[in-house]
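These notes concern the structure reproduced below.
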Amino acid sequence: MTVPVIAIDGPSASGKGTVACRVAEALGFHYLESGALYRLVALVSLREGIALTEAARVAEIARRLDASFRDGQVFLAGQNVSEHLRSEECGKRASEVAAVPELREALLARQRAFRQPPGLVADGRDMASVVFPDAGLKVFLTASVAARAQRRYKQLIAKGISANLRTLSRDLEDRDARDAGRSVAPLAIAPGARLLDSTPLTVDEVVGQILDWYRESAPRAKD
Ligand code: DC
């Protein structure tokens with residue numbers, strides 16, 4: 001029997017990570033945050049001064065990436081780099097390296113290796129279209145730019161980091177345009193994906209909706 005996959009794609013700050021993690025917990029499934037892999041490659045490329053134009057070297061980073069994931073934290077060669085990965089600098093660079101086709105190809109096998117029993121919830125931009133096209137449930141999770149900027153603003157302020165709503169909105173729009181406009185695996189609603197606009201919803205409501213859809217699509221998962 002194939003291992004079930006729930007693919008959750010969507011733009012930056014749509015709440016994919018929080019939602020995907022909660023859905024995985026509720027079902028006892030594994031969780032893949034594919035954006036973390038792109039951010040890890042971005043971090044290494046920044047540290048080693050590898051230019052975006054050096055596609056073969058960028059892809060090479062993915063092949064030798066010594067990454068591990070434990071308790072919601074990300075480790076690079078044993079060092080906890082979770083905070084570094086969430087920086088705006090790393091996020092911006094991640095969306096740039098993500099446009100390198102050789103890199104996307106090099107990350108495919110690594111992402112598919114997360115598909116282990118009893119199941120996987122994977123979030124990203126191309127989970128439904130490219131990485132797990134046979135996923136049993138495909139969700140495109142989105143929210144208005146204003147709602148996403150507001151959520152990110154609150155997160156930053158809660159961490160004691162100063163932030164500006166207008167700048168955050170502009171950055172999100174820039175990133176959306178870059179992720180949707182690239183020629184390989186652009187951010188888009190995959191055929192068969194269900195659209196979920198979380199603008200008016202709480203996290204609990206979004207998680208509940210995805211679990212309902214999953215149970216409808218896999219009746220035996222109810223037990
Ligand atoms: O989900 P995130 O914001 O952590 O992702 C960081 C960047 O990586 C994002 O700008 C686009 C890219 N990405 C991608 O191209 N494909 C994925 N499956 C996940 C992330």
Side-chain angles (χ1 to χ4, degrees), residues 1-37 39 69-74 82 85-86 91 111-112 114-159 168-169 172 175-176 179-180 187-223:
M1 236 181 67
T2 56
V3 176
V5 176
I6 298 177
I8 303 179
D9 292 305
S12 292
S14 57
K16 298 183 305 288
T18 309
V19 166
C21 215
R22 291 262 309 267
V23 171
E25 259 171 35
L27 296 170
F29 282 11
H30 299 281
Y31 168 51
L32 164 64
E33 180 195 356
S34 62
L37 293 172
R39 286 173 186 262
F69 299 82
R70 271 195 314 278
D71 306 325
Q73 305 290 306
V74 187
S82 309
L85 295 190
R86 286 194 204 103
Q111 293 173 90
R112 290 182 178 147
F114 280 80
R115 188 175 196 166
Q116 299 285 341
L120 175 70
V121 182
D123 85 54
R125 305 294 188 290
D126 61 345
M127 296 298 97
S129 55
V130 177
V131 184
F132 303 109
D134 65 337
L137 174 62
K138 301 178 177 183
V139 178
F140 190 86
L141 183 64
T142 189
S144 66
V145 171
R148 289 186 283 138
Q150 188 65 247
R151 287 177 197 164
R152 183 149 285 176
Y153 179 81
K154 281 193 194 149
Q155 282 168 354
L156 292 171
I157 298 298
K159 280 199 238 161
L168 287 173
S169 298
L172 282 174
R175 196 164 307 169
D176 286 354
D179 291 345
L187 174 68
I189 306 178
R194 308 185 77 146
L195 179 65
L196 184 50
D197 183 348
S198 73
T199 308
L201 304 177
T202 63
V203 172
D204 283 346
E205 289 169 328
V206 175
V207 171
Q209 175 65 82
I210 294 175
L211 288 172
D212 285 348
W213 281 338
Y214 180 67
R215 287 169 183 142
E216 282 165 22
S217 70
R220 280 180 305 148
K222 270 193 230 126
D223 309 323

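Values reported hereafter were calculated over all heavy atoms of this structure, with side chains retained and with hydrogens, waters and symmetry mates removed.
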What are the two closest heavy atoms between [X] and [Y], and how far apart are they?
X      : Y      : result
Asp179 : Arg125 : OD2-NE, 3.4 Å
Ala7   : Ala135 : CB-CB, 4.0 Å
Leu85  : Arg39  : O-NH1, 2.8 Å
Pro11  : Ser14  : O-OG, 2.8 Å
Tyr31  : Phe114 : O-CD2, 4.1 Å
Ala188 : Phe140 : O-CE1, 3.6 Å

ask   = Passes side-chain contact (heavy atoms from CB on, under 4.5 Å), Phe29 versus Val3? Steps please.
value = CA-CA 10 Å; Phe29 282 11; Val3 176; over 6 Å; no
Under a 3.5 Å distance rule, please check whether [X] uses its side chain to pair with a backbone N or O of [Y] as donor and acceptor.
X      : Y      : result
Thr199 : Ala143 : no
Arg148 : Ala13  : no
Thr142 : Asp197 : no
His30  : Pro117 : yes

Residue pair Val139 / Val19, side-chain heavy-atom distance below 4.5 Å =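 Result no, sub-4.5 Å side-chain heavy-atom pair not found.
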message = Between Leu211 and Leu27, is there a side-chain heavy-atom distance shorter than 4.5 Å?
response =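 Leu27 vs Leu211: side chains touch.
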Pairwise distance [atom1]([X]) to [atom2]([Y]) - rounded to 0.5 angstrom:
X      : Y      : atom1 : atom2 : answer
Leu137 : Phe132 : CG    : CZ    : 14.0 Å
Thr2   : Asp134 : OG1   : CG    : 6.5 Å
Ile210 : Ile8   : CD1   : CD1   : 4.0 Å
Asp71  : Ser82  : CG    : OG    : 10.0 Å
Glu216 : Arg194 : CD    : CZ    : 5.5 Å

Pair Arg151-Ser198, side-chain donor/acceptor within less than 3.5 Å =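 Result is yes, a qualifying pair exists.
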query = Using 4.0 Å as the upper bound for N to carboxylate O, is an ion pair formed by Asp9 and Lys138?
reply =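 Salt bridge: no.
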query = Going through the distances and angles, do Leu32 and Arg115 end up as a side-chain contact (heavy atoms from CB on, under 4.5 Å)?
reply = CA-CA 9 Å; Leu32 164 64; Arg115 188 175 196 166; over 6 Å; no
ask   = Ser169 and Arg152: side chain to side chain donor-acceptor pair (under 3.5 Å), yes or no, with the steps?
value = CA-CA 9 Å; Ser169 298; Arg152 183 149 285 176; over 6 Å; no
Test log, rule side-chain contact (heavy atoms from CB on, under 4.5 Å), inputs Val131 and Val5 = CA-CA 11 Å; Val131 184; Val5 176; over 6 Å; no
Verdict with reasoning, Leu168 to Leu156, per side-chain contact (heavy atoms from CB on, under 4.5 Å) = CA-CA 11 Å; Leu168 287 173; Leu156 292 171; 3.9 Å; yes
